[in-house]
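In what follows, chains carry the letters A, B, and so on, assigned in the order in which the sequence lines appear, proteins first and then strands, with residues in each chain numbered from 1. Scope of the values below: all heavy atoms of this structure, side chains included, with no hydrogens, waters or symmetry mates.
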Amino acid sequence: MEYNFREIEKKWHAVWAEQQTYRVTEDAARPKFYVLNMFPYPSGAGLHVGHPLGYIASDIYARYKRQKGYNVLNPMGYDAYGLPAEQYAIQTGQHPAITTVNNINRYREQLDKIGFSFDWSREVRTCDPQYYHWTQWAFERMFESYYDRRQDRACPIFELEAAFSAHGTEGVDAACSEDLTFTADEWNGWDSVKRQQVLMNYRIAYLGETMVNWCPKLGTVLANDEVVEGVSERGGYPVVQKKMKQWCLRVSAYAQRLLDGLDTIDWTESLKETQRNWIGRSEGTEVEFTVKDSDVHFTIFTTRADTMFGVTFMVLAPESELVAQLTTDTQRTEVDAYLEATKKRTERERIADRRVTGVFTGSYAINPFTGEAIPVWVSDYVLAGYGTGAIMAVPAHDSRDYAFARHFGLPVIPLIEGCDVSEESFDAKEGIVCNSPRPDVKPYVDFSLNGLTVKEAIAATKKYVSEHHLGRVKVNYRLRDAIFSRQRYWGEPFPVYYKDGMPQLIPEDCLPLELPEVKTYEPTESGEPPLGHAARWAWDTEARCVVDNTRIDNCTVFPLELNTMPGFAGSSAYYLRYMDPHNDKALVSAEADNYWKNVDLYVGGTEHATGHLIYSRFWNKFLHDYGYSCTEEPFQKLVNQGMIQGRSNFVYRVKDTNTFVSLGLKDGYDVTPIHVDVNLVENDVLDLDRFKAWRPEYATADFILEDGKYVCGWAVEKMSKSMFNVVNPDMIIERYGADTLRLYEMFLGPINQSKPWDSNGIDGCARFLRKFWNLFFDADGAFCVSDETPAKESLKTLHKLIKKVSEDIEVFSYNTAISAFMIAVGELASQKCRSRQVLETVVTLIAPFTPHVAEELWQRLGHTATVCDAPWPAFDEAYLKEDTVTLSVSFNGKTRFTMDFPADASNADVESTVLASEQAAKYLAGMQVVKVIVVPKRIVNIVLKK
RNA sequence: GCACUUGUGGCGAAAUUGGUAGACGCGCCAGACUUAGGAUCUGGUGACUUCGGUCGUGUAGGUUCGAGUCCUAUCAGGUGCACCA
């Protein structure tokens, strides 16, 4: 009987859907296992063969775990808010919701064909009000919280209010935007608006005036991870720095916990390293500098406290508030001109053009160690957002300071014995400190670092600075708070209205606050976000509902927030929602959360390393602080699937003709390579008729063939429409079936490696499945298995397979597992194995990989239950025992011959037998045996000398 | 510049973790069955070779009876971060 994958796959898709085979419920009697894929953004282009790679890998694992007896949660949903749908809406006027639903339907259709074990009853869509209810809810919880550094967790903001009312800032250690100090009397004397302004400094979701990445072309701000090399990640438009009032999340408060958590989770080292870089912890010292002839003083941050004696100037960031204070009248014009010029430069320009610029403020700071007056400059190489926005410059030991000093002729004082700073700075943190203090300068403080190593000197300075109240030890993080506002339509609305200019929350029981309809999706004429077009977008505090804007002058009606939330809002806690997707009382019930806990296996690409994977961890930690999520880390194990690149094909057109020359002959002509649709090419051979039909201009094309074929050139490029190299899984499934697609995608290589899609090998997988199918049918095509006792060799083949496949799945080495299947099927075929016992077990083993064919054979074998619940077979070492083992015999490391031994032969037996053997005699002649090494079951090496 | 990561046939890749390098698949070669083959089946396929062997895992050293695997240096590709003081 023919292997008819079309019929088989169609049949089982219907059965699985009808019987809800993959539906799961919490079951305390069984251990849980939570498998998760990063949910897709449903783009208009549909799925290409790269998308299912991770889904197939996780599906195999999910099915395997289910057969192992776990209660497996394997959900799927859609990250449905996003820019493309909105851009499309701006162009066509079509509501993004319509575009999104269409795309989702297309995705679903494609996904269904591949035979995943998703529990679709748990599907979530981030744009669904029932879903974003809980995104808004989480935002409200963050607004109502501050981060208590003492307890190292988020706490309700009313506790902070109570503390302020009782004793002001005294005794409070809370994460904040700006260090404030006030007394209880001051606090109690302030009015409500002033208090709200102060609290905003502490809230975890806060409204802050911050420098943002503004993309004029997109009309919105972008998060740091959405900006790549000074242009927007989507669209590649220029991004400028701009000061704006924005919603922010105090992610920075969690920096240390985000860093520490990495040690507790099973992610690849490179991904953890990427996050460590992004968090950018740096231990250093804050030192206070006073300004000469002034009562102004300011703080700098340094990791090189050992270089205090070599400071020759100070630099402020142009954005620093100190600039205005320190600029003297004589320097004012020059400084203002510099600030103006700097403002005009975009991030991109600053990166592209790293010339040394700066200007003297006219003020001098006093070095607290040497008492010297050192000039204070302004330069854009100092960043406002890091440290204190001010630095002490040590040109001898920092290359940026060095470049600045050389450019402006400032002194350079070396502080490491024997270092040469005539050409460049000595940046390495090593060597013996000297010139600290310098012999020619009268010591200002009774403190010397001379003779210490850099490391010792840093420690000594930290100690000294702390003890003498010149500064403090400080840990800085590069991680910045996440900007949480977007000036877009297609996103979650903030559950916020404004009263007296201060944001107020929509009551929790009124959520969700649904996204209103708008006339157009562009910004308003006054530059407000698209929600400014909404006619019904005001909040009536009395009626507790959304009302018409025109009623705003009514004293109970207030304007609603016009910004929406960014893409990462909806994806930050979706894994929790899958646990309990229809709950309308909570994000997730405590019971569901306690059962499913966190994701055991998360599969997705590395591109989210500094975006979603940081935000999600932050979000979860916040929810964990309140007990809404019972685990500290959301994703226990993370597997990164590699990207599938495209493999483009080229034809070579002879210049100024309509003649195309085959790859091997093209060197004889002047040719232009042209991308040709890879779907017209098979094994790099062009289908001439379909090529002619592809484009009207090729209808009359001529070809110069080699061996009667037109061979195309190829290159590995990104998979994209414009390169004509997009391979759609539907076409593969149509031709080979979903099981072959699944098998082939996994056979391509290790899942974590990027590789080009290349259909050339797919026939091998199709052939294998046919051979596998044929094991169950006799020459006449009748289904044929026997209940006879299987041959010993078949059992050996089987148990070898069980062992290998079980081990390989555990470590995601699917390509080698599939190789093992190929070998086993070949062996069983040549053994003419018809044993039900053996064949049935092979079906249960292959079921995670090729569920459709396994299900069909399982049914034909007489089972009524699904193969998904067939228990995973145990392997028995007894079948793998060999009677004899073959050892390689080497002399001085060179293998000369092999010998057979009984499997239980002792090393001593082996040694004496080998030495006495005829084959060995010729190598032993005239030699002396120094040593004999016997590696059990492998090798015998005899070391000889003359 | 810093960090991480990968280098093995014509190609995708294996290698029991220090023990016969190249499993398995593609491609290629030969044969069988065929009117036909882009179908199916069987066998062969790292390089050189005087057919005894010799050389082979980016390059150069080292440790070891034995190295793709461990150590040192170096080269090349990929990814991430990057005026972070």
Side-chain angles (χ1 to χ4, degrees), chain A residues 229 268-282 284-285 300-305 307 315 317 350-351 354 356 379-383 385-394 397-401 403-404 427 476-480 606-607 609-610 640 642-643 682-685 687 709 743-744 747-750 752-756 758-765 767-768 770-771 774 803-804 807 813 815-824 826 886-898 930-945:
Chain A
E229 289 177 5
T268 59
E269 201 45 48
S270 68
L271 194 71
K272 288 187 189 180
E273 200 56 33
T274 301
Q275 290 211 343
R276 288 191 191 108
N277 276 339
W278 189 259
I279 295 166
R281 182 190 154 100
S282 112
T285 316
I300 59 90
F301 175 78
T302 180
T303 53
R304 291 296 301 273
T307 59
V315 188
R350 276 171 68 162
I351 290 165
R354 286 191 189 176
V356 178
S379 173
D380 67 1
Y381 85 87
V382 174
L383 305 177
Y386 186 78
T388 60
I391 63 150
M392 62 178 213
V394 186
H397 303 292
D398 182 287
S399 48
R400 294 154 300 174
D401 298 345
F404 196 85
D427 288 16
N476 256 328
Y477 300 91
R478 204 185 63 90
L479 183 71
R480 315 238 194 116
T606 32
E607 64 272 22
T610 54
N640 295 118
M643 259 203 282
E682 193 168 324
N683 292 344
D684 288 337
V685 175
D687 183 326
K709 293 182 290 194
L743 217 46
Y744 184 58
F747 190 60
L748 229 37
N752 56 353
Q753 244 167 60
S754 287
K755 56 227 151 190
D758 179 353
S759 318
N760 288 346
I762 198 164
D763 289 322
C765 289
R767 217 169 281 158
F768 159 75
R770 225 167 17 235
K771 281 184 200 165
N774 286 335
K803 184 169 190 231
K804 180 76 177 145
E807 287 170 357
S813 180
N815 54 335
T816 53
I818 294 166
S819 296
F821 277 115
M822 290 173 171
I823 295 167
T886 305
L887 298 192
S888 307
V889 181
S890 306
F891 293 91
N892 287 340
K894 296 240 185 275
T895 304
R896 297 299 174 177
F897 57 86
T898 60
V930 177
K931 200 176 353 171
V932 179
I933 296 119
V934 179
V935 181
K937 296 181 190 173
R938 303 236 170 274
I939 199 164
V940 183
N941 191 16
I942 299 158
V943 186
L944 301 172
K945 70 172 186 190

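Using modelled atom types, one finds a donor on one side chain and an acceptor on the other under 3.5 Å when comparing S813(A) with T816(A). No hydrogens or angles considered: nothing links the side chains of S282(A) and N476(A) as a donor-acceptor pair under 3.5 Å.
Comparing G389(A) and K931(A) along RNA chain B, the residue whose closest nucleotide (by nearest heavy atom) sits nearer the 5' end is K931(A). Mapping A390(A) and T606(A) onto RNA chain B by nearest heavy atom places T606(A) at the nucleotide closer to the 5' end.
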Original post:
Which string of ( ) [ ] | and . matches RNA chain B, if you list each base 5' to 3' and count Watson-Crick or G-U pairs only when both distances are under 3.5 Å?
Top reply: (((((((..(((......[....)))((((((.......))))))(((....)))..(((((..]....))))))))))))....
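When the side-chain nitrogen and oxygen atoms of R478(A) are compared with OP1 and OP2 of C81(B), none of them lie within a distance under 4.0 Å. Distances shorter than 4.0 Å separate some side-chain N or O of R767(A) from OP1 or OP2 on C26(B). Applying the 4.0 Å criterion to OP1 and OP2 of A85(B), one finds that Y386(A) has a side-chain N or O inside that range.
When the P atom is used for both G62(B) and G56(B), the distance is 14 Å, rounded to whole Å. Taking atom P on both nucleotides, G53(B) is separated from U42(B) by 32 Å, rounded to a whole Å. Between the P atoms of G22(B) and U6(B), the separation comes to 23 Å (whole Å). Only the P atoms considered, C29(B) is 33 Å distant from U20(B), to the nearest whole Å. Distance noted for atom C1' between C24(B) and A47(B): 22 Å (whole Å). Remark: the separation of the C1' atoms in A3(B) and U54(B) is 43 Å, to the nearest Å. Comparing the C1' positions of U69(B) and U16(B) gives a spacing of 13 Å, expressed to the nearest Å. Between A21(B) and G7(B), the two C1' atoms lie 16 Å apart (nearest whole Å).
Between the OH atom of Y477(A) and the C1' atom of A82(B) there is a distance of 20 Å, rounded to whole Å. Computed from coordinates, the L479(A) CG to C81(B) C1' distance equals 13 Å when rounded to whole Å. Distance, L743(A) CG to C24(B) P: 16 Å, rounded to whole Å. The CG atom of L944(A) sits 14 Å away from the P atom of C65(B) (whole-angstrom rounding). For the pair E273(A) CD and A82(B) P, the computed distance is 14 Å after rounding to whole Å. Atom CG of D380(A) and atom C1' of A85(B) are 15 Å apart (whole Å). The separation between M392(A) atom CE and C83(B) atom P is 21 Å, rounded to whole Å. Look at CD on Q275(A): it is 15 Å from C1' on U79(B), rounded to the nearest Å.
In terms of heavy-atom proximity, I939(A) sits nearest to S890(A) at CD1-OG, 3.7 Å. The two atoms that bring R938(A) and L887(A) nearest to each other are N-CD2, 3.4 Å, heavy atoms only. For N892(A) against L944(A), the heavy-atom pair with the smallest separation is OD1-N, 2.9 Å. Minimum interatomic distance between A820(A) and K804(A) (heavy atoms only, all atoms of both residues): CB-CG, 3.5 Å. Among all heavy-atom pairs drawn from A609(A) and L271(A), the shortest one is CB-CD1, 3.3 Å. Taking every heavy atom of both residues into account, I762(A) and Y744(A) meet most closely at N-CE1, 3.6 Å.
Residue-level contact check: I391(A) touches the bases, meaning some heavy atom is under 4.0 Å from a base atom. Within the nucleic acid shown, R304(A) comes within 4.0 Å of sugar-phosphate atoms alone, with no base atom in reach, counting heavy atoms only. Heavy atoms of K803(A) sit nowhere under 4.0 angstrom from any nucleic acid atom.
With its glycosidic angle more than 90° from 0, G68(B) is assigned anti. The glycosidic torsion of G52(B) lies within 90° of 0, placing the base in the syn range. Look at U17(B): its glycosidic torsion is within 90° of 0, and that puts it in the syn range.
The side chain of T274(A) has G80(B) as its nearest neighbour among G80(B), A85(B), A39(B). Picking from A85(B), A82(B), A23(B) the nucleotide with the shortest atom distance to the side chain of W278(A) gives A82(B). Residue V943(A) places its side chain closer to C65(B) than to any other of U54(B), C65(B), G25(B).
Using a 4.5 Å heavy-atom threshold, the side chains of V932(A) and V940(A) count as touching. You'll find the side chain of Y381(A) reaches within 4.5 Å of the side chain of D401(A), heavy atoms only. Contact check for D380(A) versus V382(A): no side-chain heavy atoms found under the 4.5 Å cut-off.
In this structure, the separation between CE on M822(A) and CZ on F747(A) is 4.0 Å, given to the nearest 0.5 Å.
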**OP:** Indicate for each nucleotide in nucleotides 8-20 of chain B, in 5' to 3' sequence, whether protein heavy atoms under 4.0 Å reach the base (B), only the sugar-phosphate (S), or nothing (-).
**Re:** ----BSS-B--BB
